[in-house]
Each structure stands twice: as structure tokens, then as C-alpha cells.
Amino acid sequence: MPGVGQANLGARAADEGLTLRELVTGLLDATTAHWSATPVASTDTAVAVHSRAETLLDTARVLLTDAVDGYTRQNRAELDRHDNERAAFVNDLLTGRADPGGLAERAHRYGIRLSATHTVLIARAAGLTPGITHRIDAALASRFGEGNTLTTLRDGDVVCISAGGLRGIAAELAHLLLAELGAGNWQIAVGRTQPGLHGLATSLDEARHTLDYAVRLGFTTPVLNVADLLVFPCCCVTATP
């Protein structure tokens, strides 16, 4: 039985895309194979065989524990790396500060076409966490398809970029927040669908400013559509042609 590098074994399994179930099954199979290959002499007593089995199980337990820990840490580190890359990309995308060529190449990885139209939604609530954001992101991708939504945590808010014309995205986001946080603890603003890179920043600003003004004006509606608020003279949204 291997006794060194257990954590590295788990980390390698995570890097190779194995599931935790596959890792555990593989280690248990190796333990069984090792026991089956261990010769039993005719002079061995039952006590001796039992002692060897106990030693093997103790070793397997340590190996399994360390390998699972290594697997979990590696997965968490990889998730953190992806989170950081995604947050940096969304920030560059919404501020327009990055090189357009490099930004377009990065956007392609997430299924975003900078020449297309997009809608930016912002959900604001106390207690939003990366874990909640991950679950929302996965649920939206499952509901609307990979590449049609991109969700991340930005400045404490959940920011969701959706393909233009995607129906039901605000209602689905509201449903997910209700499940995560309960009623009355969150508010969503939906920017107008805008074309191109500049349109993304415009839609983001519209949604963010709408949430800010909702607090000042006492609006408690769970979902606020910027287009519906343009009738208010005091609204922060500046109409664009």
C-alpha cells in the first residue's frame, strides 16, 4: 500500500477530472487487490491474519482521508482560480478598460459575443456569498443553456449578464434568490438590452443606479425593470437613443 503523497494523489485525481466517488472506489479497489495478493502462510494464526488486516485497514483509512482532503483542497483552489478569472473578466467587460482584442478572446471562452446585444441584471441583498452565486450561476446555465448567462459576485452584488432577448431570466433569478434568501431580503434591477461592449456598461449602470434610487424612493418591488422607470423624472436612468 502506498503511504506517501496521499494528498498529492487526491490533487492529481482532481486535476484529471475524476469524481470523488471514482477516487474512493479506486483506493478501495487497490486495498482489496493488495489484500488478495498478500500470501498467507500455513503457519499463520488467525490472530496474525487479523493483525495484518487491521494494519491494512488503518493504512487505507489514513490514505483515504488524506487523499480526499487533497482532492477537496485542489477542487477548492481551482474553483477560486476560476472565480478570480471570471470576476476579472466581468470587471474588464463592464468597465471597458481591457484591450478589445484580448477581451474578445476571453469573452469567447464564456460564450459572449461582444457584437451582440446583452442585458445586465443586478441582484442586491445582504449575505450574498460565492456559494450562493455558484448555485445561481449553475441553475441559470442549466435553465437557459451554457453561454447564454454569465453570473458572478461583484462589489457584493450578484451580476448576471444574459443574452439579449432571453425570456424569463429575471423571473428565474428571482425564484433562485427566493429559495436562497427567502422573501423580502433581496431586490433585482434589470437594465435595458443594449448592443455591443458599450451597451454592457450602459445596462450595468442602469441596473445599479436603479437599485440605488429604489432605496431613496422607497420602492420595495422585488424586480425593477429600468425601462418601466423611465417615466419618473427623478429616475437616475438617462435615456439613450
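Since the structure is predicted, the reported quantities are computational estimates derived from the model, not experimental observations.
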Review point. Does any N or O in the side chain of H209 come within less than 3.5 Å of the main-chain N or O of D205, such that one atom is a donor and the other an acceptor?
Key: yes
Review point. Who passes side chain to side chain donor-acceptor pair (under 3.5 Å) against T133, sequence neighbours left out?
Key: none
Review point. Would a hydrophobic clustering, with Ile, Leu, Val, Met, Phe, Trp and Tyr connected at side-chain separations under 4.5 Å, put V223 with L204?
Key: no
Practice item. Please examine the side chains of L93 and L114, heavy atoms only from C-beta on, and report whether any two atoms are closer than 4.5 Å. Key: yes
Exercise for review: Give, for atom CD1 of I122 and atom OG of S203, the distance between the pair rounded to the nearest 0.5 Å.
Suggested key: 8.5 Å
Study note, to complete from the structure: By side-chain contact (heavy atoms from CB on, under 4.5 Å), A116 pairs with (sequence neighbours left out) R113, H118
**Study point:** For T72, side-chain contact (heavy atoms from CB on, under 4.5 Å) partners two or more places apart
**Key:** V68, R76
Study note, to complete from the structure: Output for pair (L121 CG, L211 CG), nearest 0.5 Å, gives 10.0 Å
Exercise for review: Sequence neighbours left out, what passes salt bridge (Lys or Arg N to Asp or Glu O under 4.0 Å) with D212? Give chain and number order.
Suggested key: R124
Review point. Is there a donor-acceptor contact under 3.5 Å from the side chain of T129 to the main chain of I132?
Key: yes
Review point. What are the two closest non-hydrogen atoms of T119 and G191, and how far apart are they?
Key: CG2-O, 3.1 Å
Review point. If you round to the nearest 0.5 Å, how far is OG1 of T152 from CD1 of I136?
Key: 11.5 Å
Practice item. Indicate yes or no for a side-chain donor-acceptor contact from Q187 to the backbone of A125 under 3.5 Å, with no hydrogens or angles considered. Key: no
Exercise for review: Check whether L128 and V90 end up in the same hydrophobic cluster, where Ile, Leu, Val, Met, Phe, Trp and Tyr are linked by side-chain heavy atoms less than 4.5 Å apart.
Suggested key: no
Study note, to complete from the structure: Distance col, row L64:CG vs T59:OG1, nearest 0.5 angstrom, shows 12.0 Å
Exercise for review: Please lay out, stage by stage, how L18 and R12 fare under the test side chain to side chain contact (heavy atoms under 4.5 Å, CB included).
Suggested key: CA-CA 9 Å; L18 295 179; R12 287 200 305 273; over 6 Å; no
Point to revise | Side chain proximity check, R86 to D137, heavy atoms < 4.5 angstrom | key: yes
Practice item. Determine whether R154 and N91 make a side-chain contact, defined as any pair of heavy atoms from C-beta on separated by less than 4.5 Å. Key: yes
Review point. Roughly how far, to the nearest 0.5 Å, is CD1 of I161 from CG of N148?
Key: 13.0 Å
Practice item. Report the residues that fulfil side-chain contact (heavy atoms from CB on, under 4.5 Å) with T117, sequence neighbours left out, ordered by chain and then residue number. Key: T193, P195
Exercise for review: Name all residues meeting the side chain to side chain donor-acceptor pair (under 3.5 Å) criterion together with H198; count only those two or more places apart in sequence or in a different chain, and write none if there are none.
Suggested key: T202
Point to revise | Pairwise side-chain contact, L20 with L23, heavy-atom cut-off 4.5 Å (strictly under) | key: yes
Review point. Between atom CG of L140 and atom CG of L150, what is the distance when rounded to the nearest 0.5 Å?
Key: 10.5 Å
Practice item. Only counting residues at least two apart or in another chain, list the ones meeting ring pair (Phe, Tyr, Trp, His ring centres under 6.0 Å) with F89. Key: Y110
Practice item. Scan residues 13-23 for pairs that pass side chain to side chain donor-acceptor pair (under 3.5 Å), counting only residues two or more places apart or in two chains. Key: D15-Q74, T19-E22
Check your understanding: When clusters are formed by joining ILVMFWY residues with side-chain heavy atoms under 4.5 Å apart, either directly or through shared neighbours, do I188 and V158 land in the same one?
Key -> yes
Review point. Can you hop from L200 to L153 via hydrophobic side chains spaced under 4.5 Å?
Key: no
Review point. Quick one: does E206's side chain have a donor or acceptor within less than 3.5 Å of a partner on R192's backbone?
Key: yes
Review point. If only atom types and distance count, is the side chain of T32 paired as donor or acceptor with the main-chain N or O of L28 below 3.5 Å?
Key: yes
Could you tabulate the donor-acceptor pairs under 3.5 Å formed by side-chain atoms of residues 163-181, not counting sequence neighbours?
residue	atom	partner	partner atom	Å
E180	OE1	R135	NH2	3.0
E180	OE2	R135	NE	2.7

Review point. Y71 side chain to D66 main-chain N or O, any donor-acceptor pair under 3.5 Å?
Key: no
Review point. Mind checking whether P222 and W186 have side chains closer than 4.5 Å, heavy atoms only?
Key: yes
Point to revise | Carboxylate-amine/guanidinium contact D155 R208, below 4.0 Å | key: no
**Study point:** Pairs flagged by salt bridge (Lys or Arg N to Asp or Glu O under 4.0 Å) wherever residues 48-65 is involved - sequence neighbours left out
**Key:** D44-R52, D58-R61
